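So the structure is just underneath, and the comments pick up after that.
Given the structure is predicted, the values throughout are model-derived calculations rather than measurements. Computed over heavy atoms, backbone and side chain alike; hydrogens, waters and symmetry mates excluded.
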Amino acid sequence: CNAVVIASQDAYCARALTISRFLDMNREIAQGKRQYLPAEPLSQGSFVHPSASLDPKAQIGQECVVGASVKVGTGSSVKKSMLGEHCQIGQNCKIM
């Protein structure tokens, strides 16, 4: 795993050499601890892409990143997690 994020306006730079550090970086951004403007807009302490389809009875908790074209089914809940593009979460699932 190797990821580098550089946001020149806010001078935020991060390097992830492990999956654990990559997850930490995403959580820091979702929590608002770092100033960075990803494609996903900030919504209730989480980043949710406008093209994501969330059932009205689904719950997206704090510190989550929900990517483009994600679908989350009825009764499902997502907490402190990242869902990449095109993920499909069925009904009554718990992602933690």
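Within the 3.5 Å criterion, the main-chain N or O of Gly61 finds a donor-acceptor partner in the side chain of Ser46. Distance alone, capped at 3.5 Å, is enough to place a donor-acceptor pair between the Ser51 side chain and the Ser69 backbone.
Considering only residues two or more places apart in sequence or on other chains, Ser53 meets the side chain to side chain donor-acceptor pair (under 3.5 Å) condition with none of them.
The hydrophobic clustering, which links ILVMFWY residues whose side-chain heavy atoms are closer than 4.5 Å, places Ile19 and Val65 together.
Within a 6.0 Å sphere centred on NZ of Lys57, other residues, nucleotides and ligands contribute 12 heavy atoms or fewer.
Closest non-hydrogen pair, Gly67 versus Ala52, comes out as O-CB, 3.9 Å. Of all the heavy atoms in Asn92 and Ser76, the pair that sits closest is N-OG, 3.2 Å.
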Distance-only check: which donor-acceptor pairs under 3.5 Å involve side-chain atoms of residues 81-91, not counting sequence neighbours?
unit_1, atom_1, unit_2, atom_2, d
Ser81, OG, Lys79, O, 2.7

